[in-house]
Amino acid sequence: MDLKGKKILLGVSGGIAAYKSCELLRLLQKKGAEVRVCMTEAATQFVAPLTFASLSKCPVYLKNGAAEARPFQHIDFPRWADLYLVVPATANVIGKFAFGIADDPVSLCFMSCDCERFIAPAMNVAMYNSPAVKRNLEMLRGFEKTHVLESPAGFLACGEVGQGRLLEPAQIVECLEAAEEIAPKCHCENSQSSKQSKTNLPEDLIEKNGRRVLITAGRTEEAIDPVRYISNCSSGKTAVALSAVFLANGYDVEVVAGPMEAQFPGGVKVTKVRSACQMHDAVLERQPDVDVLVHCAAVADYRPANPADSKIKDSRSQLTIELVPNPNILRDCSAARREGRVTRKQVIVGFALETDHFKEHAAEKFEKSGADALLLNAPVAADSGFGHDNVRYALIEHGKPIPELNMGSKVSLAESIVNFCSAQFSQDANLQSAK
């Protein structure tokens with residue numbers, strides 16, 4: 001591949017080898033390529049964004065943005081690029097790429113780009129040889145337009161010797177030049193000839209268990225008039241994490257999603273709705289066909305009784321809006337199961353978002369819900385909750401004391417729910433075997 005004139009997006013994640021990406025950038029420029037950079041927050045602890053901005057002569061795409069940044073960089077940067085190069089690629093971002101989690105600039109660009117992608121892993125030998133990393137790399141090799149560069153053995157930053165060392169920048173350039181020629185992208189909007197990259201999980205690497213899960217996601221919006229509405233806060237990140245972890249455990253995943261910002265991984269069937277009543281009808285219609293229901297959406301408790309057909313004019317006078325309660329989707333699903341309208345073994349998990357008296361309020365909701373478990377979610381700590389990757393949570397189960405809330409990632413929250421659901425089916429299978 002001739003690199004002259006190529007537009008290259010360089011993704012830098014948080015490893016000690018990040019400093020080598022500076023040299024790589026200069027080598028690519030010497031070859032005549034134009035380079036832009038996106039960074040994870042961890043990467044900025046190893047190399048200052050200003051360094052890359054100075055070398056590339058372009059603002060760096062960062063999680064918290066920059067004064068001169070545009071709001072759609074996660075779309076604009078990949079659309080601009082002829083190829084996307086991730087150096088170094090840590091175990092963390094490799095896992096995100098494999099399971100469709102997009103919550104930082106590097107993974108967001110991976111999710112939204114349709115150009116050729118080259119990934120150069122770099123990590124400790126123990127991490128590189130772990131079953132999870134091996135599986136994730138093998139999955140990525142099965143993705144369309146995705147190339148995983150081999151990580152050589154050698155001396156590592158920690159002092160150990162083994163595989164996991166980052167290819168030297170000059171070697172990476174050689175790999176790019178040895179690759180097949182990539183035609184320059186057509187940067188015309190809405191090009192019909194461009195192919196979408198596949199982010200579906202390779203079916204031959206995920207053993208299906210024959211079970212289906214339905215997840216509610218996002219928030220609902222209750223119209224006041226055609227341009228105003230009542231809603232709750234939700235980015236959808238928790239539902240995306242749930243979808244990815246259920247997929248990784250062999251479930252077929254379907255989502256009924258209200259408005260949200262996060263993007264689902266490939267392989268997830270998504271039905272979009274707006275209001276609580278629409279979500280209620282969609283979920284109750286699909287309930288008989290699924291084995292697990294996870295009620296993760298931030299559903300508005302009330303809706304305007306009489307939404308206006310046209311925009312309410314601003315008269316600066318007081319406005320009274322009559323509200324009526326929305327249907328309780330979780331309780332109605334539990335009632336449908338209890339009344340025999342669901343004939344299969346079905347596990348139902350609810351969510352309780354509380355901002356005070358956490359355990360008392362969650363216990364009351366759990367008792368009324370009829371669910372098998374309730375995820376207590378308390379997004380009130382700093383740098384957690386809405387739009388963040390971490391949250392305080394506890395999984396409440398019948399017959400067990402309510403555990404203390406702990407701070408963890410939304411992926412670990414999802415894993416606790418999937419483990420609970422899988423355990424319910426295992427217990428049922430054991431009981432059947434014992435008979």
Side-chain angles (χ1 to χ4, degrees), residues 99-103 111-112 196 198-201 203 206 208-223 226 229-301 303 307 326-337 341-344 346-351 353 369 371 375 377 386 410 413-414 417-418 421:
F99 289 105
I101 297 174
D103 58 5
M111 177 75 78
S112 57
Q196 295 297 321
K198 295 180 180 179
T199 55
N200 293 342
L201 303 179
E203 293 184 0
I206 300 296
K208 294 290 185 180
N209 60 28
R211 290 190 285 270
R212 300 176 64 186
V213 59
L214 178 63
I215 303 169
T216 66
R219 55 191 178 269
T220 64
E221 295 176 352
E222 313 301 325
Y229 56 82
I230 297 171
S231 188
N232 289 333
C233 294
S234 176
S235 65
K237 282 191 171 185
T238 300
V240 169
L242 280 164
S243 299
V245 177
F246 270 111
L247 279 174
N249 282 270
Y251 287 77
D252 289 319
V253 181
E254 183 176 357
V255 173
V256 176
M260 55 183 282
E261 286 70 49
Q263 302 178 45
F264 289 103
V268 176
K269 180 181 178 182
V270 181
T271 299
K272 294 185 178 181
V273 297
R274 184 187 181 197
S275 70
C277 289
Q278 291 171 347
M279 182 173 286
H280 176 272
D281 293 346
V283 171
L284 269 291
E285 178 184 351
R286 291 161 175 76
Q287 182 184 3
D289 300 323
V290 301
D291 304 287
V292 178
L293 271 170
V294 182
H295 295 264
C296 180
V299 182
D301 294 316
R303 67 183 186 276
N326 276 321
N328 190 303
I329 304 174
L330 173 58
R331 293 184 195 176
D332 286 354
C333 286
S334 298
R337 183 181 64 172
R341 285 178 275 160
V342 177
T343 58
R344 64 174 68 208
Q346 187 174 81
V347 179
I348 299 178
V349 180
F351 267 63
L353 187 150
S369 71
L375 196 290
N377 175 14
F386 305 124
K410 292 182 177 178
L413 178 156
I417 291 176
V418 175
C421 295

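The first residue of the sequence shown is numbered 1, and numbering continues consecutively from there.
Distance OG1/T238 to NZ/K410: 4.0 Å, rounded to 0.5 Å. Atom-to-atom distance recorded for Q278:CD and E222:CD is 8.5 Å, nearest 0.5 angstrom. The CG atom of D103 lies 14.0 Å from the CD atom of E261; values are rounded to the nearest 0.5 Å. Taken from CZ in F351 to CD1 in I417, the straight-line distance is 3.5 Å, to the nearest 0.5 Å. In this structure, C296 SG and L242 CG are separated by 5.5 Å, a value rounded to the nearest 0.5 Å.
Annotation for V299 and A276: closest pair CG1-CB, 3.5 Å, computed over non-hydrogen atoms. The heavy-atom pair separating D291 from G210 by the smallest distance is OD2-O, 4.1 Å. Of all the heavy atoms in A223 and P307, the pair that sits closest is O-CB, 3.3 Å. Smallest separation of non-hydrogen atoms from M279 and A217: CE-O, 3.7 Å. Summarising the geometry of V240 relative to G100, their closest heavy-atom pair is CG1-O, 4.2 Å, with the distance given to 0.1 Å. Contact detail for R286 and A282: the closest heavy-atom pair is NH1-O, 3.0 Å.
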*side-chain contact (heavy atoms from CB on, under 4.5 Å) between S234 and M260, worked out*: CA-CA 7 Å; S234 176; M260 55 183 282; 5.6 Å; no

*Given R211 and D252, is the salt bridge (charged side-chain N to carboxylate O under 4.0 Å, His left out) satisfied, shown in steps?*
CA-CA 6 Å; R211 290 190 285 270; D252 289 319; over 6 Å; no

*Can you check side-chain contact (heavy atoms from CB on, under 4.5 Å) on L413 and L375, steps first, answer last?*
CA-CA 9 Å; L413 178 156; L375 196 290; 3.6 Å; yes

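In this structure, the side chains of R337 and Q287 come closer than 4.5 Å at one or more pairs of heavy atoms. Looking only at side-chain heavy atoms (C-beta outward), L214 and V294 stay at 4.5 Å or farther from each other. Counting only heavy atoms from C-beta outward, the side chains of N326 and H280 never approach each other to under 4.5 Å. Taking the side chain as every heavy atom from C-beta outward, I230 and R303 never approach each other to under 4.5 Å. Considering only heavy atoms from C-beta on, I348 comes within 4.5 Å of L330 through its side chain. Residues E254 and V268 have side chains not in contact (no heavy-atom distance under 4.5 Å, counting atoms from C-beta outward). For the pair S275 and T220, the minimum side-chain heavy-atom distance is 4.5 Å or more. Residues S243 and V255 meet the side-chain proximity criterion, which asks for heavy atoms closer than 4.5 Å.
Side-chain polar atoms of N232 and R219 form no donor-acceptor pair below 3.5 angstrom.
By the ring pair (Phe, Tyr, Trp, His ring centres under 6.0 Å) test, F246 is found to be paired with Y251, residues two or more places apart in sequence or in another chain being considered. A search for side-chain hydrogen bond (donor to acceptor under 3.5 Å, both in side chains) contacts involving S231 returns nothing, not counting sequence neighbours.
A distance-only check finds no donor-acceptor pair linking the side chain of E221 to the backbone of P259 [under 3.5 Å]. Judged by distance alone, with hydrogens and angles left aside, the side-chain atoms of S334 form a donor-acceptor pair with the main-chain N or O of S369 at under 3.5 Å. Using modelled atom types, no side-chain atom of Q346 and backbone atom of L293 make a donor-acceptor pair closer than 3.5 Å.
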